[in-house]
There are 4 protein chains.
Amino acid sequence: MRARTFTESGRRAQIVASTIAVIAEAGYAGASFSRIAKHAGLSSTGMISYHFAGKDDLFAACITEIEQVTGAFMEPRIAAAVGPVAQLRAYVESNVALVGQHPDEVRALIELVRNAAQSPAVNGRLALFEEHFRAGQAAGVFRAFDARTVALALTSGLDAVVATAAAAVPEPAELARLGRELADLYVRATAPVPEGGTT
Amino acid sequence: MRARTFTESGRRAQIVASTIAVIAEAGYAGASFSRIAKHAGLSSTGMISYHFAGKDDLFAACITEIEQVTGAFMEPRIAAAVGPVAQLRAYVESNVALVGQHPDEVRALIELVRNAAQSPAVNGRLALFEEHFRAGQAAGVFRAFDARTVALALTSGLDAVVATAAAAVPEPAELARLGRELADLYVRATAPVPEGGTT
Amino acid sequence: MRARTFTESGRRAQIVASTIAVIAEAGYAGASFSRIAKHAGLSSTGMISYHFAGKDDLFAACITEIEQVTGAFMEPRIAAAVGPVAQLRAYVESNVALVGQHPDEVRALIELVRNAAQSPAVNGRLALFEEHFRAGQAAGVFRAFDARTVALALTSGLDAVVATAAAAVPEPAELARLGRELADLYVRATAPVPEGGTT
Amino acid sequence: MRARTFTESGRRAQIVASTIAVIAEAGYAGASFSRIAKHAGLSSTGMISYHFAGKDDLFAACITEIEQVTGAFMEPRIAAAVGPVAQLRAYVESNVALVGQHPDEVRALIELVRNAAQSPAVNGRLALFEEHFRAGQAAGVFRAFDARTVALALTSGLDAVVATAAAAVPEPAELARLGRELADLYVRATAPVPEGGTT
DNA sequence: TATGAATGAGGATTCATTCAT
DNA sequence: AATGAATGAATCCTCATTCAT
């Protein structure tokens with residue numbers, strides 16, 4: 001087997017993987033211990049309680065695991081981009097492209113972020129965007145706007161597009177087109193005002 | 001199919017109101033019959049089943065009620081705007097402003113739309129935006145983009161901002177500012193390309 | 001599909017036994033999970049759902065258990081009889097005698113067969129009788145009659161006598177007399193016509 | 001309308017008729033007040049409780065009504081027969097034939113008799129048969145047997161055949177054949193022993 | 001570690017009945 | 001006579017969690 005993360009012992013990792021699969025398939029509300037146990041081939045839910053302090057703990061472990069997987073895909077792509085605007089574009093495009101690689105993880109993360117009471121993950125990404133926008137504004141590559149509000153709107157819009165795509169994964173080319181569409185939208189939305197203001 | 005009395009028979013309306021309040025407070029998953037009954041001052045959940053065929057029926061009634069309330073607030077404001085761009089701005093601003101008037105209804109509707117498996121409400125709004133964008137593109141006031149994807153991203157971003165605002169309702173002035181921020185964002189995101197394209 | 005332990009895992013068997021007792025005492029309609037749980041000394045009905053997939057599953061297990069018990073009693077007695085007529089008599093008499101040994105099982109089986117929408121058990125016995133009559137007719141030991149209708153009437157009559165006896169179990173001698181009475185009735189009812197027919 | 005029995009006021013009769021229809025269609029267990037009310041076109045179950053002291057009272061009224069209907073059909077046919085044997089035959093045949101005329105009433109009565117805790121109706125018929133057999137034995141037209149046991153077996157067998165026929169009403173000719181089959185069976189089963197004993 | 005059993009609360013829904021109007 | 005609203009118990013079932021083995 002050997003297909004385990006280095007952070008967790010075998011069973012834990014197996015349970016986390018099953019949880020992600022179940023959330024992706026049945027949604028947050030449908031992810032009961034018994035369903036997860038069945039998926040994991042466990043004969044009882046007791047094993048889950050043994051390995052995790054509770055549902056919150058299990059879900060937190062899932063978020064950690066998913067972030068590792070998605071980070072490995074997205075981070076190099078974002079790092080390869082130069083400048084705040086290109087990085088924004090890279091974030092959006094790689095996030096959409098990620099659907100083609102790890103649809104279950106993407107679906108599960110969105111469900112978790114949507115339902116799990118204010119995890120550090122969701123706040124982290126929000127803060128990341130907000131900070132990114134502020135830095136870009138200081139550098140003059142983004143126009144003046146309320147960074148927090150815009151970060152919230154854009155990350156949520158991104159999630160919605162990604163979730164829809166993950167529900168019925170399109171071909172890579174179509175996925176790339178979706179990413180470009182959305183990145184265009186976000187770049188234009190945040191671009192500096194050229195000369196005279198619009199309305 | 002029998003005709004119902006004027007105020008929706010009193011109790012029915014009261015149950016709907018309580019359901020909206022409970023969803024706003026405890027979320028979709030937390031809106032159990034017993035919690036709703038307690039909020040409504042009913043001695044048992046049987047009364048809810050007496051008035052509504054089931055949870056779907058109750059939630060549908062809530063959506064209808066909320067749409068009536070929100071429509072009464074937003075529609076005249078949108079109708080007063082001239083042209084697709086101004087109407088987009090009016091939609092966004094009046095939706096955010098609505099939070100100050102009916103925060104519970106706004107929160108509940110978002111929860112319902114998010115969870116009640118593909119209601120006509122959510123599809124309706126999405127189709128409305130999509131159609132609005134296509135018409136504006138034909139008129140040359142919106143640039144060329146994938147109307148469906150953009151509609152999805154922008155409505156979801158709007159929901160997120162509205163939901164966040166509804167969670168801790170700010171003062172009207174701050175609410176108005178939020179609305180303008182978001183409307184600006186959306187107008188710029190969809191504005192026609194002046195001469196040379198960006199990026 | 002997992003293999004079950006020897007005594008049907010202890011609790012399972014206990015629940016089945018309690019269910020049989022409750023059905024015998026309170027009838028099919030009165031056999032609620034809560035009553036069964038109380039009889040079995042369980043603190044909640046959840047335990048029953050834990051061991052059985054549902055009411056159908058539980059009842060099916062009861063039928064299996066009862067058939068095992070009754071089969072062990074009746075089958076050797078029937079097998080010892082020679083010829084279709086003697087076997088018919090042996091079936092009836094051993095079935096009535098069974099009441100003295102397992103009154104609860106007999107009562108419960110009749111209730112189950114009467115209510116559990118066309119179980120294989122009831123159809124099986126009916127088909128068995130029908131086939132038995134046809135074979136006997138071919139051998140000339142039964143007169144010509146509609147095998148299906150007669151099978152239906154006689155098995156139902158047998159059930160009624162057995163159920164009545166099980167409601168207030170008489171002494172073995174009286175039980176034996178009842179069995180002989182009924183066997184006589186059935187043997188005469190199905191006997192070949194000697195010379196001139198009656199009317 | 002004018003289609004009311006002389007025993008009950010309009011609404012009562014209507015409720016009784018609906019109850020019979022519902023029991024025939026949904027069985028004893030399925031005959032809830034709400035279903036009966038719906039069938040009767042009543043907007044609430046309160047009306048049933050108003051007219052009847054309880055479920056037992058309602059069901060008793062149904063039995064009375066059904067016995068009137070069935071008696072009107074069967075009694076003249078039985079009265080036309082001469083002698084205990086012919087009367088037994090007439091009872092069986094007219095009871096089976098009744099299925100063609102009043103299937104709902106037949107179905108409902110069997111359900112009621114089977115479930116309603118020992119009504120006078122079922123005991124009455126049993127006593128009637130028993131007494132009939134005793135009288136016939138005294139007259140020498142029936143052989144010596146346990147009148148009570150035989151009455152129980154034969155009435156139950158008759159019920160089963162009738163219930164099966166009522167579940168999918170056959171053509172009158174087939175119904176008549178069934179009746180003759182069963183009557184033959186019962187007449188032979190109870191016939192005096194000619195010379196030497198059988199078996 | 002892992003299993004299977006047990007718990008107790010909570011889920012929606014249906015039921016017969018009562019009562020004010 | 002009739003309605004509609006209300007009650008409270010009972011239905012089966014699922015849940016997360018605990019515990020002895």
Side-chain angles (χ1 to χ4, degrees), chain A residues 9-12 15 29-37 40-58, chain B residues 2 4-5 9-12 14-15 29-37 40-58, chain C residues 2 4-5 9-12 14-15 29-37 40-58, chain D residues 9-12 15 29-37 40-58:
Chain A
S9 74
R11 264 286 186 260
R12 255 184 87 94
I15 293 172
S32 68
F33 274 22
S34 62
R35 217 191 290 229
I36 294 167
L42 298 172
S43 60
S44 130
T45 66
M47 212 54 241
I48 302 176
S49 292
Y50 176 79
H51 280 289
F52 298 90
K55 231 177 179 189
D56 290 349
D57 188 28
L58 170 59
Chain B
R2 72 213 135 91
R4 231 171 281 117
T5 54
S9 92
R11 258 293 185 257
R12 245 186 94 93
Q14 184 198 357
I15 293 172
S32 68
F33 273 22
S34 62
R35 216 192 290 230
I36 294 167
L42 299 173
S43 66
S44 84
T45 68
M47 211 52 234
I48 303 177
S49 291
Y50 174 76
H51 282 288
F52 298 89
K55 229 174 181 188
D56 290 350
D57 188 29
L58 171 58
Chain C
R2 73 212 135 92
R4 228 170 283 119
T5 54
S9 93
R11 259 289 187 259
R12 245 186 93 92
Q14 184 197 357
I15 292 173
S32 68
F33 272 24
S34 62
R35 214 192 289 232
I36 294 167
L42 300 173
S43 65
S44 83
T45 68
M47 210 51 233
I48 302 176
S49 292
Y50 173 76
H51 282 287
F52 298 90
K55 232 178 178 186
D56 290 349
D57 188 28
L58 171 58
Chain D
S9 74
R11 263 287 186 262
R12 257 184 84 94
I15 293 172
S32 68
F33 274 22
S34 62
R35 215 191 289 231
I36 294 167
L42 298 172
S43 61
S44 130
T45 66
M47 211 54 239
I48 302 176
S49 292
Y50 175 79
H51 280 290
F52 298 89
K55 232 178 178 189
D56 291 347
D57 188 27
L58 170 59

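Numbers restart at 1 for each chain; the letters A, B, ... are given by sequence-line order, proteins then strands.
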I need the [atom1]-[atom2] distance between [X] and [N], as an integer number of Å.
X	N	atom1	atom2	answer
C:L42	F:dC13	CG	P	15 Å
D:L58	E:dA16	CG	P	10 Å
A:I36	F:dT14	CD1	P	16 Å
C:F52	E:dA6	CZ	P	12 Å
B:R35	E:dA9	CZ	C1'	14 Å
B:I48	E:dT14	CD1	P	13 Å

Check: How is the base pairing of DNA chain E summarised as a dot-bracket string, given the Watson-Crick and G-U wobble criteria with both distances under 3.5 Å, [ ] for crossing and | for another strand?
Finding: .||||||||||||||||||||
Notebook entry, point to check: Could you write nucleotides 16-21 of chain F as a row of B, S and -, 5' to 3', where a protein heavy atom under 4.0 Å of any base atom gives B, of only sugar-phosphate atoms gives S, and otherwise -?
Noted result: SBB---
Item checked: Closest-nucleotide ordering on DNA chain F, the 5'-leading residue of B:Q14 and C:D56 ->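 Its nearest nucleotide being more 5', the pick is B:Q14.
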Note to self: Counting only side-chain heavy atoms from C-beta out, which of E:dA5, F:dA6, E:dT3 sits nearest to B:H51?
What the structure shows: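 Shortest atom-to-atom distance from the side chain points to F:dA6.
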Check: In Å, rounded to the nearest 0.5 Å, how long is the span from CD of C:Q14 to CD1 of C:I36?
Finding: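 It comes to 12.0 Å.
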Next item on the list: For E:dA6, take OP1 and OP2 only and decide whether either is under 4.0 Å from a side-chain N or O of C:R11.
Entry: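 Checking C:R11 against E:dA6: at least one side-chain N or O falls below 4.0 Å of OP1 or OP2.
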For residues 40-56 of chain D, which side-chain N or O atoms pair as donor and acceptor with protein atoms under 3.5 Å away, sequence neighbours left out?
residue	atom	partner	partner atom	Å
D:S44	OG	D:G46	N	2.8
D:K55	NZ	D:A31	O	3.1

